[in-house]
Structure formats: C-alpha cells, structure tokens
Amino acid sequence: MNTDLHPAVMGWYATHARDLPWRSPDASAWSVLVSEIMLQQTPVVRVEPAWRAWLQRWPTPADLAAATPAQVLRAWDRLGYPRRALRLREAAIAITERHGGQVPSDEEDLLALPGIGSYTAAAVAAFAFRRRSVVLDTNVRRVLGRLVHGTALPPPSPRRAETATALDLLPADPETSARWNVAVMELGALVCTARAPRCADCPVAAQCRWRAAGYPPDEHAARRRTQAWHGTDRQARGRVLAALRTEDELRPDQVRDLWPDGDQLARVLTGLLTDQLLTAVRDLDGVVTGYRLPDS
DNA sequence: AAGACGGGGCT
DNA sequence: AGCCCAGTCTT
C-alpha cells in the first residue's frame, strides 16, 4: 500500500473539515443514507436544510415507508432529479420489509436497494458503519487523478484503474479508511476543485503529478458536452412537477398552458407517467380529466 | 459506451 | 452561456 500521502491529507482534514450534520457521531445510518442520496448531483449548501427537514419529518426508514409518493415529491422540493425521492421511498420500504427497519451495513445489501449505486453503497458502508470500502465519487476521482495519474480531470466514465488506485491508497484499518475516504473527498470539495484549484492551500501539492507536469489540460474536454436546459424535455418536466407541487390536481388545459410546444409536452407527460412521477385522472369513459402527483 | 435525468449558483 | 455539483439507471 502507498502511504506517502496519508499524514498530510489526514492532518489537513483534522483542521479543515466542514462541520456537516451527517458527519456527527450522533447521525443515524438512515440519516447518512438520506444525505448521500440528496448529495447525488446536488451541492452541500442546498442539501443541508432539506436534509434537516426530511429527517425531522421521517426520522426512520419505517416513517418514510409510510409516506405517499406525492408527499415525498413535495418534500423533495427543488433538489432536482425527483426520481431520487421516489427511489429513496422505495429504499425505505425495502429496508423496512427486508431488513427489519435497519439500514444494512453490507455493501452488497446496500447496492441492492433502489437508487443506491456503487458510490452510495460504498459511502454508506464507510460513513455510517465505518467499514473499509472504496469510495469513488467525483471528488475522489479528480483528486487521485491529479495526484497519482497527473490528469486534469478524470475520464467521463470510471475506469478499473481508478478503483485500483483508490484501493492501493486505502488504509488497512477500517476506521482510518473511513476517515481517509471523507478526507480525500473534502480535499476535492474545498481545495482540489474542478475549476480553480487552490494549490497554494493543498497539503500534498508537492506530491501532485498534475502540478509537477505543469498542469496539462483536460484530455477528455472534447468528449464532455454540456447539457442544454432551455427548451429541453428536462425543463418541461420540471415545470409540470413544479406546478403539481403546489396544486393537488391540474386540468389538461392548465397543463397545456405550462409549455408552448404541445407535441413536446405530450411526450414529456408520457415520460413522467412512465417514471411514476405523475398520475392521470380519468372519468368513467377513460378520458383524462386531470393530472396529480401519485398518491400511492 | 452513451444518453436521460433538475435545478441553482458561480465565472 | 457555460460549467459544475458526494450519481444512477436504462438502452
């Protein structure tokens, strides 16, 4: 195992770590799981208040398992990717039914839950249960990519070599490894940032291969395409859901007024129905008379 | 391997 | 107008 980087990174984390509530020793495994789902593609500053409100309302998996999709979608508010809210509810149901209401500690069991992929399974195992696991999020990938491989940014999709590198650096002791994982993530979030890294504040700048190589540019820049927003299906979906968070039911004509392109709106509504983010209300003849958030 | 999937804040 | 954010799931 390579241990050269450990003292500097661990020492830096000891003095610079943010005081985030899900890092408290008192945080339940469930609260850690909720934080990890919310943090999938949503920044910390926006997650923190939502996380507090969510845990106050649904302190245990069994509490959330009893909620309706409409309730969780409204509570999710504008965190983005609302399918995460539905999957979190489904995960709560699975935990209640299959695991006696206790969040499982094995990565394999976590991975089997809805909405939990390789990152989140490893993160919950490490941060909630202090297990030794390879936590590979966007921060860790970027930090290790720069330090070890000398690249500006990691490839669009994770490579096996990245896991091998992370495993090679992972401390053998479980508790130490859990702290190492969060320390590297924190370094990526606060110092080794994607856009304008603060190398002057970096505890391992002297050991950074990217820095030593003179900061070569991102090799994969051409392959990263920025996602459009205005006029997209995603924006239309968001507009429909935003309206339904404040109204119990919308008539078809009210929904049509939400978006100028009727064909696109029809496609978007179909997608929302497929994703179970939306329910159509029909009269006795099967004619759609309205749309609602799913009650069950 | 590539595409879909939110929304906000910063440069 | 881009770019980025503690990713996951489907095709």
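By convention in this document, chain letters (A, B, ...) are assigned in the order of the sequence lines, proteins followed by strands, and residues within each chain are numbered from 1.
- Checked for salt-bridge contact, Asp77(A) and Arg74(A) miss the test: no charged N lies under 4.0 Å from a carboxylate O.
- For residues 41-54 of chain A, proximity to DNA chain B is found at Gln41(A), Thr42(A), Pro43(A), Arg46(A), defined as any non-hydrogen atom under 4.0 angstrom from a strand atom.
- Between Arg159(A) atom CZ and dA1(B) atom P there is a gap of 7 Å when expressed in whole angstrom units.
- Distances were taken from every side-chain heavy atom of Arg87(A) (C-beta onward) to each of dC9(C), dA6(C), dA4(B); the shortest belongs to dC9(C).
- OP1 or OP2 of dC5(C) has at least one side-chain nitrogen or oxygen of Arg142(A) nearer than 4.0 Å.
- Between Trp180(A) and Leu169(A) there is a side-chain heavy-atom pair separated by less than 4.5 Å.
- With 3.5 Å as the limit, one finds a donor-acceptor pair spanning the side chains of Thr120(A) and Gln40(A).
- For the pair Glu36(A) CD and dC5(C) C1', the interatomic distance rounds to 14 Å; values are reported in whole Å.
- A donor-acceptor contact closer than 3.5 angstrom links the side chains of Arg84(A) and Thr42(A).
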Checklist entry - Which is it for Asp173(A) and Arg132(A) under the salt bridge (Lys or Arg N to Asp or Glu O under 4.0 Å) test, yes or no, and what are the steps along the way? => result CA-CA 7 Å; Asp173(A) 171 62; Arg132(A) 186 172 184 269; over 6 Å; no

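- Taking the side chain as every heavy atom from C-beta outward, Tyr13(A) and Val182(A) approach each other to under 4.5 Å.
- In this model, the phosphate group of dG8(B) is approached by a side-chain N or O of Arg78(A) to a distance below 4.0 Å at OP1 or OP2.
- Considering only heavy atoms from C-beta on, Pro174(A) stays 4.5 Å or farther from Arg131(A) through its side chain.
- At a threshold of 4.0 angstrom between heavy atoms, the contacts of Pro82(A) are confined to the sugar-phosphate backbone, with no base atom among them.
- A 4.5 Å side-chain heavy-atom check between Asn181(A) and Phe127(A) finds at least one atom pair inside the cut-off.
- Within the 4.0 angstrom heavy-atom criterion, no nucleotide atom of any strand lies near Trp76(A).
- One can place CD of Glu186(A) at 14 Å from C1' of dC5(C), the figure rounded to the nearest angstrom.
- In this structure, the CG atom of Asp275(A) is 13 Å from the P atom of dC9(C), given to the nearest Å.
- Across dT8(C) and dG8(B), the matching P atoms stand 23 Å from one another, rounded to whole Å.
- In this structure, Arg237(A) atom CZ and dG3(B) atom C1' are separated by 13 Å, rounded to whole Å.
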Checklist entry - Under the salt bridge (Lys or Arg N to Asp or Glu O under 4.0 Å) criterion, do Glu48(A) and Arg52(A) qualify, and how do the steps go? => result CA-CA 6 Å; Glu48(A) 197 167 333; Arg52(A) 292 182 191 281; 3.0 Å; yes

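- The stretch residues 103-121 of chain A comes close to DNA chain C through Pro114(A), Gly115(A), Ile116(A), Gly117(A), Ser118(A), Tyr119(A), Thr120(A), each having a heavy atom under 4.0 Å from the strand.
- Spacing between dC3(C) and dG6(B) at atom C1', rounded to whole Å, works out to 15 Å.
- Whole-Å rounding puts the Arg239(A) CZ to dG7(B) C1' distance at 13 Å.
- Asp168(A) and Thr165(A) share no side-chain donor-acceptor pair at under 3.5 Å.
- Annotation: the span from Gln276(A) atom CD to Glu90(A) atom CD amounts to 7.0 Å, rounded to 0.5 Å.
- Applying a 4.0 Å cut-off to non-hydrogen atoms, the residues of residues 193-204 of chain A that approach DNA chain C are Ala194(A), Arg195(A), listed by residue number.
- Gln227(A) comes within contact range of at least one nucleobase, with a heavy-atom separation under 4.0 Å.
- Map Pro158(A) and Gln40(A) each onto its nearest nucleotide of DNA chain B; the residue landing nearer the 5' end is Pro158(A).
- Between Tyr291(A) and Gln254(A), the side chains place no donor N or O within less than 3.5 Å of an acceptor N or O (distance only, hydrogens not considered).
- The CD1 atom of Ile95(A) sits 7.5 Å away from the CG atom of Leu110(A) when rounded to the nearest 0.5 Å.
- For Arg141(A) and dG7(C), the CZ to P distance is 10 Å, given to the nearest whole Å.
- Straight-line distance from the CG atom of Leu79(A) to the C1' atom of dC4(C): 17 Å, rounded to whole Å.
- Rounded to a whole angstrom, the distance from the P atom of dA4(B) to that of dA6(C) is 23 Å.
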